[in-house]
Each structure stands twice: as C-alpha cells, then as structure tokens.
Amino acid sequence: VPNPSCGGTTCGFNLTYGGSAISATLVQDNITLATDSIATYTFGCIQKATGSSLPAQGLLGLGRGPSSLMSQTSSLYQSIFSYCLPGYKSLNFTGSLRLGPVSQPKKIRTTQLLKNPRRSSFYYVNLVGIRVGRRVVTIPPSAFAFDPASGAGTVFDSGTFKPL
C-alpha cells in the first residue's frame, strides 16, 4: 500500500499495477485461510480500476511490504511460503500456494530470494542467464547483476502480466 492517505474515518490509496491504475479504500476484517484465523486483517477494497492487467479476482500481496499477507501473518507463518507455478502443459493451469514451515513440500526446487534495502518489499533473484528452449540468450550476466547499493537487479514478480 503506497502512501496511504487518511481523512476522517477512512484511509485509501492509489497505485498502478502493470497496465492498470486502481483507487482503493483500506478496510479490516477477520479472515480464515483453511483452518487458520487471522484477526483484523487489513486489505484494500477497489473503488475504481482502469486498464487491463488487474485480475478480476484481485491481488494477493505476497511481497515483503508491511501490508502484505506474509507480513501481516508473520507470527503465524514465519514469512515462509512456497508458490508453485503450473507447468505450461498443465490442463487446468493449477499451481499451489503453501503457507508456513509445516506445510512445505518435502522435495522442491528453490532459489534464494535476496533483499535489497533500496526496494525492501521486492524479492530479488540472482539471475545468471536466460534460456529459451535449449538456446541461451546472449545477454551478459552483468545486465542482471544484483547490486543492493544501486537497487539494480532482477525482481521476481509472479503477478504482473499481460494476456497474450
């Protein structure tokens, strides 16, 4: 939630996401995820949206920002999650989201998620190259290099996309 503004009894925010712009009001409610109850969970109710990249279902914030699901539930899930994307050949395009240390898969491929103090809510990865099929794209690794001093690097964002 970037720069929320409050007036009277309500707080709200505006932001751009991919090719969309939204205006939302901050609200709180008690929510239940599976059997886990989360009291006074803060989230945004979209009042106005323009553009095409905002999913109709809304957004689930898994980032490191203070309003994200992972930050608000850190005492419950210790900020641990796995988000497994479906294979491109998947018939129903289902992946999985697992929260907390107990529910993690036994065999899983992982990559270290780096922290950048200049952009603290993002997950950075140490990208060393890109391959399309079996062919390596000829881009020097320095173009992807992680540098917390400058804020440069490669951010992993599973939510921003443009439909084909």
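Positions are given from 1, in the same order as the sequence printed here. Predicted model, so just to flag it, every value in this text is computed and none were measured.
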Using a 4.5 Å cut-off on heavy atoms from C-beta on, say whether the side chain of Leu99 contacts that of Leu33. yes
Under the side chain to side chain contact (heavy atoms under 4.5 Å, CB included) criterion, do Ile22 and Asn14 qualify, and how do the steps go? CA-CA 6 Å; Ile22 64 170; Asn14 298 310; over 6 Å; no
Is there a donor-acceptor contact under 3.5 Å from the side chain of Gln72 to the main chain of Thr42? yes
Hey, does Met70 have a side-chain heavy atom less than 4.5 Å from the side chain of Ile80? no
Taking the side chain as C-beta and beyond, is there a heavy-atom pair between Phe144 and Val128 under 4.5 Å? no
For Phe13 versus Gly44, what's the shortest heavy-atom pair and its separation? CE2-CA, 4.1 Å
Nonpolar side-chain network containing Tyr124, other nodes, edges under 4.5 Å: Leu114, Phe122, Phe146, Val155
For Cys11, the disulfide bond (SG atoms under 2.5 Å apart) test, sequence neighbours excluded, returns Cys6
Run the side chain to side chain contact (heavy atoms under 4.5 Å, CB included) test on Lys115 and Arg64 for me, step by step, so that the C-alpha distance in whole Å, both residues' side-chain angles and the decisive distance to 0.1 Å come before the verdict. CA-CA 9 Å; Lys115 291 184 178 180; Arg64 291 183 167 133; 3.3 Å; yes
Side chains of Thr32 and Ile38: closer than 4.5 Å at any heavy-atom pair? no
Steps toward side chain to side chain contact (heavy atoms under 4.5 Å, CB included) verdict (Val27, Phe43): CA-CA 6 Å; Val27 297; Phe43 59 98; 3.4 Å; yes
Establish, from distance only, whether the side-chain atoms of Ser68 and Ser71 form a donor-acceptor pair under 3.5 Å. yes
State, to 0.1 Å, how close Tyr123 and Leu62 come at their nearest heavy-atom pair, and which atoms those are. OH-O, 2.7 Å
Say whether, by atom type as modelled, one donor and one acceptor occur between the side chain of Arg131 and the main chain of Val137 under 3.5 angstrom. no
Within the 4.5 Å heavy-atom criterion, are Ile46 and Thr25 side-chain neighbours or not? no
Between Pro4 and Leu26, the two heavy atoms sitting closest are CB-CD1, 4.1 Å
Please test Tyr41 against Leu69 for side chain to side chain contact (heavy atoms under 4.5 Å, CB included), starting from the C-alpha separation and ending with a verdict. CA-CA 8 Å; Tyr41 182 74; Leu69 173 69; 3.7 Å; yes
Would you find a donor on one side and an acceptor on the other, under 3.5 Å apart, between the side chain of Tyr83 and the backbone of Arg98? no
Steps toward side-chain hydrogen bond (donor to acceptor under 3.5 Å, both in side chains) verdict (Gln28, Thr40): CA-CA 5 Å; Gln28 286 186 324; Thr40 60; 4.7 Å; no
Keeping the roles fixed (side chain from Gln47, backbone from Cys45), state whether a donor-acceptor pair exists under 3.5 Å. yes
Residues passing the side-chain hydrogen bond (donor to acceptor under 3.5 Å, both in side chains) test with Gln78, sequence neighbours excluded, are none
Could you go step by step and tell me if Ser82 and Gln104 meet the side-chain hydrogen bond (donor to acceptor under 3.5 Å, both in side chains) rule? CA-CA 7 Å; Ser82 63; Gln104 296 307 311; 2.7 Å; yes
In Å and rounded to the nearest 0.5 Å, what is the CG to OG distance from Leu76 to Ser37? 9.5 Å
